[in-house]
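Because only heavy atoms are used, hydrogens play no part in the values below, and waters and symmetry mates are left out as well, while side chains stay in. Start at 1 and go down the list; that is how both ligands and their atoms are numbered.
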Amino acid sequence: MSLYSELRSLDQIPLTRLKGVGAALAGKLEKLGLESLQDLLFHLPIRYQDRTRIKPIGELRPGDEVVIQGRVRNCDLVHGRRRSLRCQIQDDTGSVSLRFFHFSAAQKNNLKPGIEIRCFGEARVGSGGLEFYHPEYRQLSDEEASPVAQNLTPIYPATEGITQPRIRGLCEQALDMMERQGGLKDWLPEVLQRRHQLMGLNEAVRYLHRPPVEADVYQLSEERHPAQRRLAFEELLAHHLSLLRLRHQHQSQGAPALVVNMGSMAVDNAAVDRSASDSTKGPVPLVEQFLAQLSFQLTGAQKRVYAEVARDLSQPLPMLRLVQGDVGSGKTVIAALAALQAIDCGYQAAVMAPTEILAEQHFLNFTSWFEPLGLQVDWLAGKLKGKKRIMALERIAGGEAQVVVGTHALFQQDVKFSHLALVVVDEQHRFGVHQRLALREKGSQQGRLPHQLIMTATPIPRTLTMSAYADLDCSIIDELPAGRSPVNTALISDQRRQEVISRVRVACGEGRQAYWVCTLIDESEVLECQAAEATAEELTRMLPELRIGLVHGRLKAAEKAEIMAAFKAHQLDLLVATTVIEVGVDVPNASLMIIENPERLGLAQLHQLRGRVGRGMVASHCVLMYHAPLSQQGQERLRVMRETTDGFRIAEKDLEIRGPGEVLGTRQTGMMQFRVANLERDADLLTQVKAIAGQMDSAPENCDAIIRRWLGRGEQYGGV
Ligand code: ADP
Ligand code: MG
């Protein structure tokens with residue numbers, strides 16, 4: 001039995017195999033995500049202490065974290081502001097005090113003058129020169145030439161109920177067992193390790209738990225040591241491989257090739273009315289009809305991106321393309337063009353948005369664009385009930401619905417498409433990685449998957465695209481339609497609320513429109529709506545001459561739509577709103593936005609909100625009305641908003657300040673929670689990760705093993 005388990009691989013040996021680990025401790029360890037021996041080996045120290053040499057007391061400097069050794073000169077109770085025990089010790093070079101505020105009588109009695117002790121702690125400046133507060137210490141017996149530590153001492157991430165010596169002991173045991181078992185299996189082919197100058201896996205693990213005396217502590221503390229980099233590398237590689245695998249599995253299924261015979265000018269508005277002049281070529285493709293009736297020219301970036309999308313759609317492989325474009329860059333048109341390509345080939349397209357209000361906006365857009373072309377646009381959201389819902393479902397299942405716009409309700413069990421060939425997902429990253437995966441399976445018919453077009457207005461920093469979205473192709477709309485004026489952003493304390501209100505009065509008096517955005521309080525939608533209601537009342541009182549509307553998440557869809565429509569038609573001057581207006585609202589005449597308590601929002605969200613203004617010809621303004629005092633981080637973040645309107649720069653900054661989990665909104669899914677890697681710190685590894693992933697094609701079992709090792713229980717990523 002025991003022999004058998006010795007032979008199991010380290011990831012299958014439970015921690016209860018270690019001495020001293022019973023059910024209770026195992027439970028605590030499990031909370032840390034530590035279940036197997038391998039988990040423990042990858043549980044890396046956060047820093048190290050040097051207990052390998054004894055520092056002469058005379059050489060101590062404030063801040064030194066060191067071992068000292070000496071004889072006790074005296075040990076006294078001190079009755080100062082707080083009672084303490086002070087013990088002076090001395091070696092050949094000088095003397096220093098140890099200070100205890102909590103101590104036992106036994107402790108006091110044991111520290112007798114003349115005994116020799118060794119202690120470890122940090123030297124700090126105290127009332128009587130350098131002192132060690134509550135050092136670890138132990139008495140040395142006269143004969144004993146007690147050895148100092150042979151390696152640097154690892155300090156592990158603090159854990160409730162598990163002391164450092166305890167976890168250190170467990171890691172020691174795990175290392176010993178690892179050695180007995182001949183080490184962890186290193187799945188990175190040796191040639192690749194050599195070519196990319198990577199440290200061996202076992203060497204790295206050993207090094208990090210037991211660094212030698214001469215280790216570069218600075219490099220370790222910066223987490224840039226080759227041993228740390230090797231593990232981070234392998235973890236990033238595991239994620240990358242799992243995404244690539246998803247992509248392969250996806251593409252192995254095939255998709256309808258949406259081939260439309262378009263003229264070479266297809267994407268130029270110039271190509272009009274071919275059917276009249278040349279009937280032999282058949283009907284004019286919908287894409288061309290659409291462009292001919294569109295009131296504007298596509299930007300160069302839109303043309304390029306649609307060309308990329310169109311090429312993907314014409315292939316018998318399911319497209320997986322992420323379109324990134326700043327707010328207002330005109331992503332919706334790209335979605336419309338893709339949908340038309342599908343419809344032209346006799347298929348259906350689905351357009352999904354994360355919120356009802358955004359979905360509605362799309363529905364209105366698509367309806368106004370597609371109805372003139374004689375196409376049937378349908379609507380499906382959670383709130384659509386009863387007969388209307390049944391009829392919509394029938395049209396979707398029967399195929400009459402050519403485009404269906406909605407929320408995630410589109411992908412509920414009872415929604416069956418007749419022949420879906422394209423799924424457009426707007427603002428994708430809010431859906432989270434899991435939903436993205438689930439979506440891929442939806443609409444799969446006879447082993448063929450729909451094409452997927454994912455659109456995000458939150459620019460994603462390159463490091464994240466390379467890691468979190470490695471399974472997607474990427475297009476960037478890096479140009480705004482002409483005639484947009486940049487938004488001026490001001491930071492104003494809410495103590496100047498009156499001034500801000502006057503500003504709204506002036507702007508609206510000049511015929512412009514404004515938004516007043518109330519932000520989330522306490523994560524509660526109800527409270528947020530109440531705040532917006534109160535604000536609307538206040539503003540109505542103070543600005544009686546203005547027509548003021550209120551929109552928030554608790555209104556009925558129809559009410560919301562009505563108010564938005566009124567605002568758009570300039571029947572309202574000022575729109576008080578909760579963050580629901582964040583996406584999708586498009587009113588070019590609105591040139592002023594007040595955001596209350598912007599410090600509560602993420603930068604990406606602020607950027608989204610601000611993108612609602614600056615859509616017309618007049619100069620636009622955004623007032624970030626913060627509640628003083630702002631934290632250091634709060635100031636830094638709002639300053640970024642004032643200084644730039646470049647979504648990519650804002651996203652990079654957001655990533656820097658908040659970390660990838662928050663930026664991606666996938667903190668809960670665990671997707672971006674790395675054990676060792678850190679996307680900002682290790683971003684430079686990603687190019688290499690990509691290269692090696694490409695070179696591991698010939699070793700699929702190794703890929704499997706690496707994915708399993710690092711994503712383990714998150715098997716869903718790799719094993720879908
Ligand atoms: P987003 O990328 O934020 O989703 P939209 O697709 O909503 O942007 O487009 C924003 C506004 O710009 C819409 O009113 C849209 O009709 C308009 N628009 C899109 N492309 C162009 C263009 N090439 N020229 C002028 N206006 C455009
Ligand atoms: Mg949009």
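Contacts of D426 with ligand 1, taken as heavy-atom pairs under 4.0 Å, are absent altogether. Here R615 has side-chain heavy atoms under 4.0 Å from ligand 1, and that is the only part of it that gets that close. Using a 4.0 Å cut-off between heavy atoms, T299 contacts ligand 1 through both its backbone and its side chain.
Using a cutoff of 4.0 Å between basic side-chain nitrogens and carboxylate oxygens, K653 and D646 are not scored as salt-bridged. Under 4.0 Å is where a charged nitrogen must lie from a carboxylate oxygen, and between D414 and R389 at least one such pair does. Salt bridge status for K388 with D378: absent, with no side-chain N to carboxylate O gap under 4.0 Å.
Close approach to T332 involves these atoms of ligand 1, each under 4.0 Å from a residue heavy atom: 4 (O), 5 (P), 6 (O), 7 (O). Annotation for ligand 1: atoms under 4.0 Å from non-hydrogen atoms of Q297 are 22 (C), 23 (N), 24 (N). For ligand 1, the atoms closer than 4.0 angstrom to any heavy atom of D326 are 2 (O). Proximity to L298 (heavy-atom distance under 4.0 Å) selects the following atoms of ligand 1: 23 (N).
The shortest side-chain heavy-atom distance between Q293 and L373 falls under the 4.5 Å cut-off.
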Would V504 and L539 count as a side-chain contact (heavy atoms from CB on, under 4.5 Å) if you check the C-alpha gap in whole Å, the side-chain angles of each, and the deciding distance to 0.1 Å? CA-CA 10 Å; V504 172; L539 292 172; over 6 Å; no
Carefully, step by step, assess L375 and L340 under the rule side-chain contact (heavy atoms from CB on, under 4.5 Å). CA-CA 10 Å; L375 304 178; L340 290 169; 3.5 Å; yes
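For the ligand labelled ligand 1, residue I477 lies outside the 4.0 Å heavy-atom shell. The shortest heavy-atom distance from G325 to ligand 1 is not under 4.0 Å.
The shortest N or O to N or O distance between V333 and ligand 1 is not below 3.5 Å. Geometrically, ligand 1 and W369 share no nitrogen or oxygen pair separated by less than 3.5 Å. Any N or O atom pair closer than 3.5 Å counts here, and R612 shares no such pair with ligand 1.
Applying the salt bridge (charged side-chain N to carboxylate O under 4.0 Å, His left out) rule to D312 yields the partners R321; only residues at least two apart in sequence or on another chain are considered.
By the 30° and 60° cut-offs, the orientation of the rings of F363 relative to W379 is tilted.
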